[in-house]
Asks: 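One structure is given below, represented as structure tokens, and several questions about it will come after.
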Amino acid sequence: MAVREICKNVYSVGVIDWDRQIFDELLPLPDGTTYNSYLIEGSEKTVLIDAVDFEFEEEFITNLARSQLSRIDYIIVNHAEQDHSGSIPVFLELFPNAKIVTSEKCKELLISFHQVPEFRIIVVGDGETLSLGDKTLEFLITPWVHWPDTMITYLREDRIVFSCDLFGAHYATGSLFVDDEPLHYILAKRYFAEIMMPFRSKVLEYIDRLSGYEFDIIAPSHGPMYNDKEYILDAYREWSSDDVKNRVIIPYVSMHGSTKKMVHYLTESLLSRGIAVRPYDLGRADTGRLAMDLLDAATIIIASPTVLFGPHPKAANLAFIANILKPKAKFIGIIGSYGWGGKTVKDLGDMIHKLDVEVLNPVYIKGYPDEEAYKGLDCLADEILNKHREYNIL
Ligand SMILES: Cc1cc2nc3c(=O)[nH]c(=O)nc-3n(C[C@H](O)[C@H](O)[C@H](O)COP(=O)(O)O)c2cc1C
Ligand SMILES: [Fe+2]
Ligand SMILES: [Fe+2]
């Protein structure tokens with residue numbers, strides 16, 4: 001993508017990855033992504049903010065060449081993850097006088113990932129500034145959104161916050177700014193659930209901190225920029241809050257239809273009680289979509305048959321993912337079917353030990369569901385209804 005001006009002497013020089021389909025070998029990207037990089041030309045110094053994925057280093061270097069700058073003095077590295085740092089080695093080679101400016105933790109990671117020579121790195125602390133002549137950068141050390149190294153760079157005179165992964169969206173678009181809010185909202189929520197959800201309290205802390213800064217534009221490292229900052233700050237406040245919705249998500253797997261029948265019955269039973277429900281067949285579900293729906297559902301019901309004395313591996317995988325992503329759910333239940341014995345309920349319960357949730361009474365039955373099983377599921381639906389009532393979300 002060509003070099004594009006954001007405001008006077010501030011340019012977008014990143015790349016668009018239209019075709020990327022998966023991130024971290026885990027998360028499907030239905031709309032590709034972008035790796036954003038920004039160039040700021042001050043009256044005395046020129047800086048680049050973040051680089052791009054290794055696969056796009058040629059396009060990136062071409063962009064820099066097109067910008068017709070004779071030199072770049074610094075590259076600010078807000079985050080060491082390879083989707084941003086992958087092209088740093090080639091950059092350092094082609095700009096032998098440029099120095100990296102980054103956090104202490106990021107320095108350590110850059111050295112271990114790319115063997116960057118130490119003398120090329122300048123470490124900055126929280127609140128430190130860097131003068132470019134007529135422009136000033138300020139660094140906010142903001143660990144854990146989403147790595148220990150993350151920081152935010154603030155361009156004072158042009159009132160721009162360069163937030164790197166924070167506020168990003170995996171969304172390949174040629175638009176510099178968000179121009180399709182409904183579509184962007186879904187992709188940003190999905191991204192939040194996949195990447196920022198485990199760090200909700202940090203997100204709120206940093207949003208609060210940013211309120212002490214005057215800015216009009218947020219420039220993340222994935223997806224379009226924001227010139228309506230309240231749109232994304234409000235969304236992040238809501239997603240990071242403890243608020244949940246009157247919704248039940250039922251990720252399920254079923255080999256021979258027994259557990260599936262239970263899921264269908266429970267779905268109807270909850271719907272008839274005025275509770276929103278979304279069953280997900282784990283054989284087909286898109287992990288990112290599921291993560292997004294898990295974000296603010298009040299209740300999660302994991303449904304699995306017993307396989308070799310424990311949960312089906314697909315249900316175990318879901319429990320593992322929920323345990324690390326830490327959705328906001330207040331209640332979790334386990335349902336399913338077994339043939340002769342095992343410890344599926346206990347194993348699944350153990351797998352979600354990090355979640356601060358109330359575990360509901362399981363409905364775990366032998367074989368295909370009968371009248372008694374349906375009664376058990378109706379009781380579970382009643383219990384969920386009461387819990388949601390107590391939470392005032394009905
Ligand atoms: C590969 C395989 C392994 C199984 N291992 C166990 C087991 O260890 N313990 C058990 O109680 N049932 C076991 N079962 C039986 C299923 O749990 C039982 O048939 C259950 O009703 C299947 O539910 P579904 O129809 O939702 O797949 C196994 C079934 C299969 C296909
Ligand atoms: Fe990252
Ligand atoms: Fe990233």
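From a predicted model like this one, the values you see are computed outputs, not experimental measurements. Just follow the structure's listing: the first ligand is 1, and inside any ligand the first atom is 1.
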Asks: Side-chain heavy atoms under 4.5 Å apart, restricted to Ile/Leu/Val/Met/Phe/Trp/Tyr: what other residues fall into the cluster of Leu155, or is it alone?
Replies: Ile6, Val10, Tyr38, Ile40, Val47, Ile49, Tyr74, Ile76, Val101, Ile122, Val124, Leu130, Leu132, Leu137, Phe139, Ile141, Met151, Ile160, Phe162, Leu176, Phe177, Ile217, Met225
Asks: Distance under 4.0 Å, heavy atoms only, partner ligand 1: which residues pass?
Replies: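 Its neighbours under 4.0 Å (heavy atoms only) are Ser254, Met255, His256, Gly257, Ser258, Thr259, Pro305, Thr306, Val307, Leu308, Phe309, Ser337, Tyr338, Gly339, Trp340, Gly341, given by chain and number.
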Asks: Using a cut-off of 2.8 Å, find all protein N, O or S atoms closer to the Fe ion (ligand 3) than that distance.
Replies: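 Result, waters dropped: Asp83 OD2, His84 NE2, Asp165 OD1, His222 NE2.
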Asks: Could Arg284 and Asp281 be called an ion pair, given the rule that one side-chain N must be under 4.0 Å from one carboxylate O?
Replies: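 Yes, charged N to carboxylate O under 4.0 Å.
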Asks: Just say parallel, tilted or perpendicular for the rings of Phe95 and Phe91, cut-offs at 30° and 60°.
Replies: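 Rings of Phe95 and Phe91: parallel, as their planes differ by under 30°.
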Asks: Please name all residues satisfying ring-ring contact (aromatic ring centres under 6.0 Å, His included) with Tyr231, sequence neighbours left out, ordered by chain then number.
Replies: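 Here the qualifying residues are His184.
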Asks: Regarding Arg159 and Glu214, does a basic nitrogen lie under 4.0 Å from an acidic carboxylate oxygen?
Replies: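 Glu214 and Arg159: salt-bridged.
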Asks: Are Trp239 and Tyr185 an aromatic pair by the rule of ring centers under 6.0 Å?
Replies: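 Centroid separation for Trp239 and Tyr185: below 6.0 Å.
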Asks: Does a side-chain N-to-carboxylate-O contact under 4.0 Å join Asp242 and Arg200?
Replies: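 Salt bridge between Asp242 and Arg200, a charged N being under 4.0 Å from a carboxylate O: yes.
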Asks: Are the ring centres of Phe199 and His146 closer than 6.0 Å?
Replies: no
Asks: Less than 4.0 Å between a side-chain N and a carboxylate O, is that true for Glu268 and Arg273?
Replies: no
